Amino acid sequence: MATERTYIMVKPDGVERGLVGEIIKRFENKGFQLIALELKTPDQEHLEKHYADLSSKPFFPGLIKYMKSGPVVAMVWKGKGVVKAGRVLLGETNPLASLPGTIRGDFALDVGRNIAHGSDSVENAEKEIALWFPKGVVHHDRVIEKLIYE
């Protein structure tokens, strides 16, 4: 079975609102494996590296200020198709365009406070994982895998 990894981050609004457990529950219920989790308070430099692709956007300074406003929960999830499926679980970037049943569709209203970040490609996931978990992540083979995958 080919698996991949993705980086999911609960943003300050999601942490403050107590949604971390709900987000973890949805990924676990889907069958994905949590292989790294840490509550972090990233500094400006770290956030600027993470959001480097958005640095030319007019909202960039506000994004960095918001992301520094409280702790975030950094996570790595593993599983078949986890990058694409993770984005589906999160919903659209604009919560108002997100379907009910998605994390953003159920819990968010504004693009600037959309609860969580999810990697948009396998390549970007690996870059983000390296940035947020430079010491690596846990490698654990679950016995339950045969009940989740063919």
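Bear in mind that the values here come from a model prediction, so they are computed numbers and not experimental data. Residue numbers start at 1 and run along the sequence shown.
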Start with the C-alpha distance between L109 and L96, add both sets of side-chain angles, then the distance that settles side-chain contact (heavy atoms from CB on, under 4.5 Å), and finish with yes or no.
CA-CA 6 Å; L109 294 169; L96 294 178; 4.1 Å; yes
What distance separates M75 CE from L39 CG, expressed to the nearest 0.5 Å?
11.0 Å
In the structure I gave you, are the side-chain heavy atoms of V20 and V15 within less than 4.5 Å of one another anywhere?
yes
Find out if a path of hydrophobic residues (ILVMFWY) with successive side-chain heavy-atom gaps under 4.5 Å connects M9 to L63.
yes
When you measure from the centre of the six-membered ring of Y7, is the NZ or CZ of K127 closer than 6.0 Å and no more than 45° off the axis?
no
Non-hydrogen side-chain atoms of W77 and I24 separated by less than 4.5 Å
yes
Over all heavy atoms of both residues, which pair between I148 and G31 is shortest? Give the atoms and the distance, please.
CD1-O, 3.6 Å
Counting N and O atoms only, with roles assigned by atom type, does the side chain of R87 sit under 3.5 Å from a partner on the main chain of G118, one being a donor and the other an acceptor?
yes
Flag, side chain of E4 to backbone of V83, donor-acceptor distance under 3.5 Å:
yes
Give me the atom names and distance for the closest heavy-atom approach of S98 to G91.
OG-C, 3.6 Å
Flag side-chain contact, heavy atom, 4.5 Å: T93 against V111
yes
Is there a side-chain contact between V72 and W132, using heavy atoms and a 4.5 Å cut-off?
yes
Heavy-atom pair with the smallest gap, counting every atom of K80 and T3:
N-CG2, 4.2 Å
Is there a path of hydrophobic side-chain contacts, each under 4.5 Å between heavy atoms of I, L, V, M, F, W or Y residues, that connects F60 with L131?
yes
Contact between F133 and E38 at the side-chain level, heavy atoms closer than 4.5 Å - yes or no?
yes
Do V76 and I103 land in one hydrophobic cluster if side-chain heavy atoms of ILVMFWY residues count as linked below 4.5 Å?
no
Greater than 12 external heavy atoms within 6.0 Å of K25's NZ:
no
Hphob cluster co-occupancy, F32 + I129, side-chain heavy atoms under 4.5 angstrom:
no
Rounded to the nearest 0.5 Å, how far apart are NE2 of H46 and CD1 of I64?
10.5 Å
Interatomic distance, F27 atom CZ to Q33 atom CD [nearest 0.5 angstrom]
14.0 Å
Over all atoms of both residues, closest heavy-atom pair of P95 and N114:
CG-CB, 3.8 Å
Look at the side-chain heavy atoms of Ile, Leu, Val, Met, Phe, Trp and Tyr, link any pair under 4.5 Å apart, and say whether L90 and L37 land in one connected group.
yes
E28, CD atom: more than 12 neighbouring heavy atoms under 6.0 Å
yes
Can you confirm whether more than 12 heavy atoms, excluding those of L147, are under 6.0 Å from its CG atom?
yes
Nearest 0.5 Å, what's the CZ-OH distance between F59 and Y51?
9.5 Å
Stepwise side-chain contact (heavy atoms from CB on, under 4.5 Å) check, I115 with D13
CA-CA 6 Å; I115 307 292; D13 56 322; 3.6 Å; yes
Do you know the tightest heavy-atom contact between K78 and I35?
CB-CD1, 4.0 Å
One should read off an interatomic distance between R26 CZ and N29 CG, to the nearest 0.5 angstrom, of 9.0 Å
Side chains of E22 and D106 in contact at under 4.5 Å (non-hydrogen atoms)
no
Please examine the side chains of E128 and H117, heavy atoms only from C-beta on, and report whether any two atoms are closer than 4.5 Å.
yes
Just wondering, are more than 12 heavy atoms of other shown residues or ligands nearer than 6.0 Å to CG in D53?
yes
Let's go through R104 and E92 carefully: what are the C-alpha distance in whole Å and the side-chain angles of both, what is the deciding distance for salt bridge (Lys or Arg N to Asp or Glu O under 4.0 Å) to 0.1 Å, and is it a yes or a no?
CA-CA 7 Å; R104 291 174 179 149; E92 299 294 323; over 6 Å; no
Can you name the closest pair of heavy atoms from P12 and G70 and give their distance?
CG-O, 3.7 Å
